[in-house]
Amino acid sequence: MKFKPLHDRVLVRRVAQEDKSKGGIIIPDTAKEKPMEGEVLSVGAGGRDEHGKLTPMSVKKGDRILFGKWSGTEVKMDGEELIIMKESDIMGVIEK
């Protein structure tokens, strides 16, 4: 399925979290928190300012991002859990 977010929205896939702690303890699924790091899959065209001018998005497809714990709306597409969020919910881009 192809999905294109509208306006200033972004489609994100959460990045898998480690199954072990740094000390080597295996963390069960019930104790794991959802990761707040993800990969941008698709972006909208951008938002509009008060004059109606299109403001381009500052993230692009393939960027690794950090977002808030309760950010966005979780959706299921093709059996995969994804998140649709506004660009303003993104805290930053992780650079390698």
Side-chain angles (χ1 to χ4, degrees):
M1 174 189 310
K2 288 193 174 196
F3 179 81
K4 175 84 171 154
L6 296 176
H7 310 295
D8 64 341
R9 288 186 171 69
V10 180
L11 182 65
V12 177
R13 176 189 303 129
R14 286 186 195 270
V15 175
Q17 190 177 18
E18 293 291 323
D19 290 340
K20 288 185 183 180
S21 69
K22 289 181 182 178
I25 298 172
I26 296 174
I27 303 168
D29 288 339
T30 55
K32 288 182 189 175
E33 286 192 24
K34 290 185 177 179
M36 296 183 297
E37 184 178 331
E39 178 186 0
V40 176
L41 300 177
S42 183
V43 296
R48 300 261 177 201
D49 63 12
E50 58 272 359
H51 304 292
K53 184 179 176 190
L54 187 67
T55 306
M57 301 288 277
S58 53
V59 295
K60 62 187 178 311
K61 182 178 178 178
D63 282 350
R64 293 282 291 247
I65 60 167
L66 287 178
F67 51 88
K69 194 174 201 172
W70 308 109
S71 298
T73 302
E74 292 185 358
V75 296
K76 200 168 203 171
M77 292 183 191
D78 294 335
E80 184 177 19
E81 290 195 21
L82 304 172
I83 305 167
I84 300 171
M85 65 179 68
K86 288 185 154 268
E87 184 183 29
S88 60
D89 290 339
I90 298 172
M91 291 188 251
V93 176
I94 300 170
E95 296 179 350
K96 294 179 184 178

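Side-chain atoms are counted along with the backbone in the values below, which use heavy atoms only and exclude waters and symmetry mates.
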Notebook entry, point to check: Ion pair present between D63 and K60, side-chain N to carboxylate O less than 4.0 angstrom?
Noted result: yes

_Pair E87 + R9, salt bridge at N-O below 4.0 Å_ = no

In this structure, CG of D89 is separated from CD1 of I84 (nearest 0.5 Å) by 12.0 Å

Shortest non-hydrogen pair, V12 vs G38, comes out as CG1-CA, 3.9 Å

Residue set satisfying side chain to side chain donor-acceptor pair (under 3.5 Å) with R64, at least two apart, ordered chain then number -> E37

Is the closest side-chain heavy-atom distance between V40 and I65 below 4.5 Å? yes

Exercise. Find out if a path of hydrophobic residues (ILVMFWY) with successive side-chain heavy-atom gaps under 4.5 Å connects V93 to I83.
Key: yes

**Asked** Sub-3.5 Å donor-acceptor pair from the side chain of D49 to the main-chain atoms of H51, do we have one?
**Response** yes

Rounded to the nearest 0.5 angstrom, the CZ-CD distance for R14 and E39 is 14.0 Å

Taken to the nearest 0.5 Å, the spacing of M85 CE from W70 CH2 works out to 13.5 Å

Determine whether a donor-acceptor pair (N or O, by modelled atom type, separation under 3.5 Å) exists between the side chain of K4 and the backbone of V43. yes

Here the gap from L11 atom CG to L41 atom CG, rounded to the nearest 0.5 Å, amounts to 5.0 Å

So CE of M77 and CZ of F3: to nearest 0.5 Å the spacing works out to 4.5 Å

>> So for atom NZ, which belongs to K53, do other residues, nucleotides or ligands contribute more than 12 heavy atoms lying within a distance under 6.0 Å?
In response: no

Q. Are V59 and L66 joined in one hydrophobic group, where the rule is that I, L, V, M, F, W and Y side chains link up if heavy atoms are under 4.5 Å apart?
A. no

- [ ] For side-chain contact (heavy atoms from CB on, under 4.5 Å), just list the numbers for L54 and R48, CA-CA rounded to whole Å, side-chain angles, deciding distance to a tenth of an Å, and then say yes or no.
- [x] CA-CA 5 Å; L54 187 67; R48 300 261 177 201; 3.8 Å; yes

Distance col, row K76:NZ vs L82:CG, nearest 0.5 angstrom, shows 10.5 Å

